[in-house]
Amino acid sequence: MRMSKLFFQTLREAPADAEIASHQLMLRAALVHPIAAGIFDYLPLGHRVKHKIEQIMREEMDAIGGQEVTLPIVHPAELWERSGRWSAIGDDMARLKDRNGRDYCLGMTHEEIMAELAQTVVSSYRQLPFVLYQIQTKFRDEPRPRAGTIRTREFTMKDAYSFDRDQAGLDAFYPRIYQAYFDIFRRCGLEVVAVESDTGMMGGSMAHEFMALTPVGEDTLLICDACGYSANRQIATFRKPAPPVAAPAPLAEVYTPNITTIATLADYLGIAQSETAKAVFMIAEISAENGAPREQFVFAVVRGDMEVNETKLANAVKARRLRPATTEEIRAVGAEPGYGSPVGIARAKVLLVVDDLVAATPNLVAGANRVDYHLRNVNSGRDYTPDLVADIVAAADGYACPKCGAALRSVRGVEVGNIFKLGTMYSEAMGATFLDENGQSKPIVMGSYGIGSGRMMACIIEHHHDELGIRWPITVAPYQVIIVDLGTEKTPEVTAVAERIYNDLRALGVEVLLDDRDERAGVKFNDADLLGIPLRLTVGGKGVKSGALELKLRRNGEVREIPLAQAAPAIQEIIEAEFALIRATLKPEPLA
RNA sequence: CGGGGAGUAGCGCAGUCCGGCAGCGCACAGCGUUUGGGACGCUGGGGUCGUAGGUUCGAAUCCUAUCUCCCCGACCA
C-alpha cells in the first residue's frame with residue numbers, strides 16, 4: 001500500500017477526552033474514529049489489525065473442530081422470552097419494534113439463537129458433539145462505555161458454542177478451548193492469565209476469564225505467585241485465619257457516643273478491628289419459583305476488618321441482584337445504621353447471612369441497634385441464629401491463598417475472553433433435546449466461549465507501546481514493513497530503489513507500506529513509529545550510495561544493515577524470524 | 001442512576017468573569033525555498049461558537065431549558 005493513497009490522517013495531539021494510552025494511540029494513529037459513546041468506526045489500518053486478530057481466532061477455532069456460521073444481529077423477542085432473559089435483562093438490551101409492532105432486540109450474545117438452531121437441526125445423539133462459532137457484532141447498551149474500545153456498546157465478538165450429549169463431553173472439550181484461547185492470545189502477542197470466574201445465575205458449573213493484566217483494567221484479580229492460584233475478586237476465596245479460642249463471655253452494652261465506623265469503634269475501645277463484627281444491609285431481588293421476583297432484606301455480617309463480597313453474597317442468597325438498603329428500610333427491620341447488629345432485630349423480616357469466620361469467632365463487638373451503643377461479647381448461636389452461614393468476604397491483597405497459604409497479590413485486568421460451562425439451562429429453555437441410544441430425550445449440554453476483538457486490540461496496544469507510538473506484534477500489525485522513501489525531486493534514483501524494493505516485497509507476498517508521500521524525513525519517521533509497523537526500512541541517499549540499507553525493528557529499536565541488492569528476501573527472512581519468536585511463546589496450558 | 005468536568009474549524013486551545021468584526025497553533029490547499037527525526041516564507045479555504053427559547057440596539061459571552069461527550073462510582077448477559 002502506498003501511503004499517499006492510504007485513507008488516514010495521523011494526529012500530533014490526542015483528542016482531550018482520550019485518557020488511556022491505547023485509546024489515545026488508536027485515535028492518533030487513525031485506527032478508529034468515534035461516532036457516539038462506545039460506538040466506533042474502524043478505519044483501514046484499524047480494520048486490518050482487527051481482521052488479523054479475528055483470522056487468528058478463526059484458525060484456532062477451526063483447529064479444534066469449530067464450524068463458522070453467521071447469526072443475525074436482530075433477534076425476535078420470542079426467543080429471548082423463552083429463556084426468560086427478555087424480562088431478566090434490563091436496559092442493557094436495546095429493543096426495537098418492526099412495522100407491525102413486533103418486538104425485537106439487538107443481540108447481546110447468542111445463546112438463545114444457537115440453542116434454537118440446535119433445537120431445529122439436532123434430533124439424535126449421533127449428531128453430537130459439535131462446535132459452532134461466529135465473529136459478529138454485538139450490542140449492549142452499557143450504562144458507561146469507557147476507555148476507547150475496551151468497553152464499548154457496539155463491539156465485535158468471536159462467540160463459540162459447544163453442544164455435547166452429556167457433562168462428560170463438555171468436560172472433555174473445555175480444556176481444549178482453554179488451550180485454544182491461550183494460543184489465540186499468545187499468537188496475537190497478548191499475555192493473559194486465566195482466572196476462575198463467577199458462574200452467577202447462569203446455572204453453569206465452571207467458568208474462566210482470560211485477563212490481560214494492566215493497571216487500566218476494570219476487574220480486580222487475586223493471584224498467588226507461589227502456587228498459581230488466580231481468581232476474579234468476585235469469587236476469589238482465601239484461607240481465613242483461625243478464630244481465637246475463648247469461652248463466651250456475658251453480653252454487655254457499652255456506651256459509644258458518635259462512634260459509627262469500625263475504625264473509630266476499634267480505636268475508642270482499644271481493640272483490633274478483627275475483634276468487631278460489621279453489619280451490611282442489602283435488598284436482594286430473589287426470583288420466586290413461580291411468579292414475580294420478590295425483594296428480601298438481607299442482613300449480612302462480616303468481621304470488622306473485612307469487606308463483604310457482593311457477588312458471593314448474591315450467590316449465597318440466590319439473588320438476581322443486590323442493592324444497598326435505604327435508611328428507612330434498615331430502621332423498618334429494627335436495626336440502626338452505624339450501630340447495626342444481628343442481636344435484637346425483627347428476625348421475621350430479614351434473611352440473616354453470617355460469614356463463616358464471624359460465626360466461629362467468640363466475643364465480638366457489634367452494634368446494639370441503638371444510637372451511641374454497641375454490644376460486647378456477641379456470639380453467634382447464643383445471641384442470634386443465622387439463617388445462613390457462608391463465605392461472603394472479599395479476598396484482598398495479602399490474604400492467604402486458599403490452595404497454599406502464601407500471600408495473594410491483587411492486580412487489575414481487562415477481561416478479553418471468557419469460557420463457560422453453561423450446562424442445560426438454554427437447551428432446556430429452547431427445547432434443544434436429542435434422543436440417546438435408548439430413545440430417551442435429553443437436553444443438549446452447552447458451553448459458550450467469547451473473545452472481544454476490539455477490546456483485545458486495545459489491550460495489545462496497552463502492552464505494546466512506548467512514548468513514540470504503537471509497537472505491533474508482527475502477527476497483528478496492519479503491515480509488516482514500512483519503507484521510508486527519502487528520495488526527493490533531486491534524487492529520483494533513491495525513489496527508484498524504494499519502488500523496486502516495494503515491488504519485490506509485494507511479489508514475495510510481504511505486507512508492505514511505502515511512504516511515498518511528499519513529506520520530510522522527520523514526519524515519515526514519526527508516523528512510522530506512531531503506526532507501529534514492526535519493520536522499518538529506510539531508503540535514502542546514504543544507503544543507496546553505500547549499498548547497505550538501514551532496517552529498524554520497532555519492538556526494540558534494534559538496527560540492522562541489509563544489502564540493497566537482496567533487500568526483499570533479507571526482509572522476508574527477518575519477518576519469518578519475528579513470526580518464529582511469537583510461535584515460541586506458545587506452550588501447553590493444562591487446566592488446573 | 002449519584003458525583004465531577006467539558007462542548008468555539010479535522011485535532012489542541014484562547015476568547016465567556018466585564019455583551020461590541022470569531023481568534024491562535026497544528027492539520028488542509030496553492031506558490032517558492034528546503035529535504036536522514038514533526039522545515040521556512042507568502043497566499044488561501046474551512047466555524048449555525050452543542051441545540052432551543054429568552055433578555056438586549058447588539059449574545060460565543062447574560063438567563064432558562066435541553067442534548068451530547070469525558071472522568072469517578074453504581075451497574076455489567
Side-chain angles (χ1 to χ4, degrees), chain A residues 8-20 23-24 27-28 30 33-39 75 80 83-94 105-112 138-148 150-153 155 157 159 197-204 207 209 216 218-219 232 234 282 310-311 314 320-324 415 418 420 422 425-426 448 450 452 468-469 484-491 494-495 515 517-530 536-546 549-550 552 559:
Chain A
F8 84 118
Q9 172 65 62
T10 55
L11 296 176
R12 205 180 283 207
E13 291 173 288
D17 53 17
E19 295 213 335
I20 68 168
H23 189 196
Q24 293 182 347
L27 295 171
R28 287 188 55 212
H33 171 69
I35 66 164
I39 302 179
H75 303 175
W80 287 78
S83 71
R85 289 208 281 187
W86 180 263
S87 53
I89 295 175
D91 292 338
D92 277 10
M93 181 185 279
C105 64
L106 298 183
M108 313 171 64
T109 175
H110 284 73
E111 281 84 6
E112 281 82 356
K138 313 284 186 210
F139 190 90
R140 297 178 191 178
D141 196 359
E142 295 279 352
R144 188 155 91 81
R146 57 177 289 272
I150 288 183
R151 176 170 289 278
T152 57
R153 295 192 294 169
F155 58 98
M157 187 175 191
D159 51 323
S197 69
D198 182 34
T199 51
M201 296 307 289
M202 300 266 293
E209 290 170 341
V216 305
E218 42 195 4
D219 286 308
N232 194 306
Q234 292 181 322
M282 307 293 292
E310 290 190 17
T311 305
R320 270 193 4 201
R321 61 183 69 115
L322 282 176
R323 65 169 171 84
E415 180 189 346
N418 73 300
F420 201 126
L422 282 177
M425 177 173 159
Y426 291 95
S448 80
L468 298 175
V484 177
D485 171 13
L486 297 180
T488 66
E489 289 159 12
K490 290 175 187 162
T491 55
V494 170
T495 296
D515 196 345
R517 296 175 300 168
D518 182 19
E519 289 288 354
R520 297 174 63 85
V523 172
K524 294 188 177 188
F525 287 139
N526 280 308
D527 274 347
D529 288 341
L530 175 60
R536 188 189 77 193
L537 180 73
T538 302
V539 181
K542 292 180 204 164
V544 169
K545 212 163 292 173
S546 69
L549 299 177
E550 174 197 299
K552 192 168 185 179
V559 174

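Scope of the values below: all heavy atoms of this structure, side chains included, with no hydrogens, waters or symmetry mates. Lettering follows sequence order; numbering is per chain, from 1.
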Using purine N1 to pyrimidine N3 plus N6-O4 or O6-N4 for Watson-Crick, or N1-O2 and O6-N3 for G-U wobble, each under 3.5 Å, what pairs with B:U55? none
Whole Å only: how far is the CD atom of A:Glu519 from the P atom of B:C40? 13 Å
Residue A:Ala521, side-chain atoms from C-beta onward, closest of B:G38, B:U35, B:G37: B:G37
Restricting to ring pair (Phe, Tyr, Trp, His ring centres under 6.0 Å), what partner residues turn up for A:His23, sequence neighbours left out? none
How close or far is atom P of B:C71 from atom CD1 of A:Ile20, stated in whole angstroms? 9 Å
Go through the structure and list residues passing salt bridge (charged side-chain N to carboxylate O under 4.0 Å, His left out) with A:Glu519, not counting sequence neighbours. none
Take atom CD of A:Glu489 and atom C1' of B:U34, then tell me their distance rounded to the nearest Å. 10 Å
Pairing nucleotide - B:C31, Watson-Crick or G-U, each distance under 3.5 Å: B:G41
For a quick check of understanding: with a heavy-atom distance under 4.0 Å over all strands, which category does A:Gly541 fall into, base, sugar-phosphate or nothing? base
Result for side chain to side chain contact (heavy atoms under 4.5 Å, CB included) between A:Phe139 and one of A:Asp92, A:Ile39, A:Thr152 points to A:Ile39
Under 4.0 Å: is that the gap between some side-chain N or O of A:Arg520 and OP1 or OP2 of B:U34? no
Quick one: salt bridge (charged side-chain N to carboxylate O under 4.0 Å, His left out) partners of A:Asp527, sequence neighbours excluded? A:Arg517
Pairs under 3.5 Å (N/O, protein and nucleotides 72-75 of chain B):
unit_1	atom_1	unit_2	atom_2	d
B:C72	OP2	A:Arg144	NH1	3.1
B:C72	OP2	A:Arg144	NH2	2.9
B:C75	OP1	A:Glu310	OE1	3.3

Proximity to the side chain of A:Thr488 - top-ranked nucleotide from B:G38, B:U35, B:G37: B:U35
Quick one: list whatever passes side-chain hydrogen bond (donor to acceptor under 3.5 Å, both in side chains) with A:Glu209, sequence neighbours left out. A:Asn232
A:His75 vs A:His110, test: side chain to side chain contact (heavy atoms under 4.5 Å, CB included). Steps then yes/no. CA-CA 9 Å; A:His75 303 175; A:His110 284 73; 3.1 Å; yes
For A:Pro15, give me all partners under side-chain contact (heavy atoms from CB on, under 4.5 Å), at least two apart in sequence or on another chain. A:Leu11, A:Asp17, A:Leu27
Please measure how far the P atom in B:G47 lies from the corresponding atom in B:U8, and state the result in whole Å. 15 Å
So, using salt bridge (charged side-chain N to carboxylate O under 4.0 Å, His left out) as the criterion, who are the partners of A:Arg146 when residues are at least two apart? A:Glu218
Using the P atom in both, what is the distance from B:G30 to B:C70, to the nearest Å? 36 Å
Could you run down the sub-3.5 Å N/O contacts of the protein with nucleotides 6-14 of chain B?
unit_1	atom_1	unit_2	atom_2	d
B:C11	O2'	A:Glu13	O	3.1
B:G12	OP1	A:Ala16	N	2.4
B:G12	O4'	A:Glu13	OE1	3.4
B:G12	O2'	A:Glu13	OE2	3.0

Contacts of A:Lys138 meeting salt bridge (charged side-chain N to carboxylate O under 4.0 Å, His left out) (sequence neighbours excluded), chain-then-number -> A:Asp159
Which base sits across from B:G73 as a Watson-Crick or G-U pair, both distances under 3.5 Å? B:C1
Could you say whether A:Lys552 or A:Ala147 is positioned toward the 5' end of RNA chain B, judged by the nucleotide with the nearest heavy atom to each? A:Lys552
